[in-house]
Amino acid sequence: MKQLIILCCLTMLLSCKSKNGVAEKTIVLVKPDEVETIKKDRAYELGTRLLEACNTSRFKNFSSNEATDKVRQNATREKISNTCKKINQRYGRYKGLTLVDVTLNKTTNDYIFRYSIDYEKKYFKKELKVTINAENKVSAIATQEIPVKPM
């Protein structure tokens, strides 16, 4: 009887063993020093240009060398001016960007630059994500409000 219980426990223990190996991560954090300067400069420049449009009310459209067609179609003057009205009301004037981290998507070879946006009003925090593809073009730009953590 004792041997039967030990055998059952041993069988259960061996059957629970994972058979899959360790899967390789497709999204990896990268040190900013390891990223090409072209990609870093392009992400910072176009992100700043987009956010500066809210202060100056002037937006220079992205060229075909700077951004993909999808980004160029979505970044029209009308859409940006409507968004800027809301941003200026809630956050105040844009002051600057601070690089938080850089991630690499190994499957698509896209770099995602995450910036913290500094505004006049400090009540809310907002971040900017700029995605640069393998052709050194901006393939996505997105802003997101960061929820405030209670003390």
Side-chain angles (χ1 to χ4, degrees), residues 12-151:
M12 284 183 56
L13 184 64
L14 292 176
S15 67
C16 293
K17 182 180 175 189
S18 174
K19 299 199 178 15
N20 296 338
V22 176
E24 187 176 330
K25 292 184 178 181
T26 58
I27 298 177
V28 185
L29 272 176
V30 179
K31 293 180 183 176
D33 300 338
E34 298 173 0
V35 180
E36 299 173 32
T37 56
I38 295 169
K39 293 182 187 297
K40 286 192 288 190
D41 293 343
R42 171 86 26 106
Y44 182 80
E45 177 189 332
L46 296 183
T48 302
R49 185 193 315 174
L50 185 68
L51 294 169
E52 272 294 327
C54 293
N55 291 349
T56 62
S57 299
R58 290 187 213 120
F59 176 68
K60 180 183 170 193
N61 289 334
F62 298 136
S63 71
S64 59
N65 295 334
E66 296 173 328
T68 61
D69 291 335
K70 184 177 178 183
V71 172
R72 290 176 45 222
Q73 289 172 357
N74 287 334
T76 62
R77 287 189 174 143
E78 295 81 27
K79 288 182 181 179
I80 290 173
S81 67
N82 288 337
T83 304
C84 283
K85 287 177 188 175
K86 295 173 189 172
I87 287 174
N88 286 340
Q89 230 176 7
R90 184 168 173 92
Y91 304 103
R93 293 179 56 84
Y94 162 74
K95 287 181 154 185
L97 287 176
T98 307
L99 183 64
V100 176
D101 63 23
V102 181
T103 55
L104 170 64
N105 186 339
K106 289 184 178 180
T107 56
T108 60
N109 203 21
D110 289 349
Y111 284 89
I112 302 167
F113 295 86
R114 191 167 62 109
Y115 294 98
S116 173
I117 306 173
D118 298 323
Y119 287 108
E120 279 182 334
K121 298 178 184 177
K122 302 291 182 183
Y123 306 120
F124 306 100
K125 291 191 177 194
K126 198 163 176 112
E127 72 179 19
L128 173 75
K129 289 184 180 178
V130 181
T131 305
I132 305 286
N133 63 14
E135 301 170 354
N136 293 332
K137 292 183 179 181
V138 174
S139 60
I141 296 178
T143 59
Q144 177 182 354
E145 188 170 309
I146 306 300
V148 179
K149 296 177 183 174
M151 291 184 191

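We use all heavy atoms of the structure for the numbers below, so side chains are in, but hydrogens, waters and symmetry mates are not.
- With rounding to the nearest 0.5 angstrom, the CD1 atom of Ile27 is 11.0 Å from the NZ atom of Lys106.
- Among pairs with a residue in residues 26-48, none fulfils ring-ring contact (aromatic ring centres under 6.0 Å, His included), at least two apart in sequence or across chains.
- For the atom pair OG1 (Thr48) and CD1 (Ile117), the distance works out to 9.5 Å, reported to the nearest 0.5 Å.
- Under the ring pair (Phe, Tyr, Trp, His ring centres under 6.0 Å) criterion, Tyr94 pairs with no residue, sequence neighbours left out.
- For Arg77 (side chain) and Phe59 (main-chain N/O), a donor-acceptor pair under 3.5 Å exists by modelled atom type.
- Crowding of Leu29 atom CG: a count of heavy atoms from other residues, nucleotides or ligands under 6.0 Å exceeding 12.
- Under the rule for a side-chain contact (heavy atoms from CB on, under 4.5 Å), the partners of Arg93 that lie at least two apart in sequence or sit in another chain are Asn55, Glu120.
- Scanning all heavy atoms of the two residues, the minimum distance from Ile80 to Ala53 falls at CG2-CB, 4.2 Å.
- Residue pairs meeting the salt bridge (Lys or Arg N to Asp or Glu O under 4.0 Å) criterion with at least one partner in residues 43-61, sequence neighbours excluded, are Glu45-Arg49, Arg49-Glu66.
- Partners of Tyr115 by ring pair (Phe, Tyr, Trp, His ring centres under 6.0 Å), not counting sequence neighbours: none found.
- With sequence neighbours excluded, the residues forming a side-chain contact (heavy atoms from CB on, under 4.5 Å) with Lys39 are Val35, Glu36, Tyr111, Phe113, Ile132, Asn136, listed by chain and number.
- Thr143 OG1 to Leu51 CG: the interatomic distance, rounded to the nearest 0.5 Å, is 8.0 Å.
- Here the closest heavy-atom approach between residue Leu128 and residue Gly47 is recorded as CD2-CA, 3.8 Å.
- Taking all atoms of both residues into account, the shortest heavy-atom contact from Val100 to Ser116 is CG2-N, 3.6 Å.
- Between Glu34 and Val30, the closest heavy-atom pair is OE1-CG1, 3.6 Å.
- A 4.5 Å side-chain heavy-atom check between Leu104 and Asn109 finds at least one atom pair inside the cut-off.
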Item to check | Residues Val138, Phe62; criterion side-chain contact (heavy atoms from CB on, under 4.5 Å); working and verdict | outcome: CA-CA 9 Å; Val138 174; Phe62 298 136; 6.0 Å; no

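- With contacts defined as side-chain heavy-atom distances shorter than 4.5 Å, the pair Leu46/Val130 does not qualify.
- For Asp33, the side chain to side chain donor-acceptor pair (under 3.5 Å) criterion is met by no residue, not counting sequence neighbours.
- Heavy-atom minimum distance, Ser139 versus Asp110: OG-OD2, 4.4 Å.
- Looking at residues two or more places apart in sequence or on another chain, you find a side chain to side chain donor-acceptor pair (under 3.5 Å) between Thr107 and Asn105.
- Sorted by first then second residue, the side-chain hydrogen bond (donor to acceptor under 3.5 Å, both in side chains) pairs that include residues 121-134, not counting sequence neighbours, are Arg114-Glu127.
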Side chains of residues 84-91: which donor-acceptor pairs under 3.5 Å do they make with residues two or more places apart or in other chains?
from	atom 1	to	atom 2	distance (Å)
Asn88	ND2	Cys54	O	3.1
Asn88	ND2	Cys84	O	3.4
Arg90	NE	Glu145	OE1	3.1
Arg90	NH2	Glu145	OE1	3.3
Arg90	NH2	Glu145	OE2	3.0
Tyr91	OH	Glu145	OE1	2.4

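- Not counting sequence neighbours, the partners of Thr37 by the side-chain contact (heavy atoms from CB on, under 4.5 Å) test are Lys40, Asp41.
- In terms of the side-chain contact (heavy atoms from CB on, under 4.5 Å) criterion, residue partners of Glu78 (sequence neighbours excluded) are, by chain and number, Thr76.
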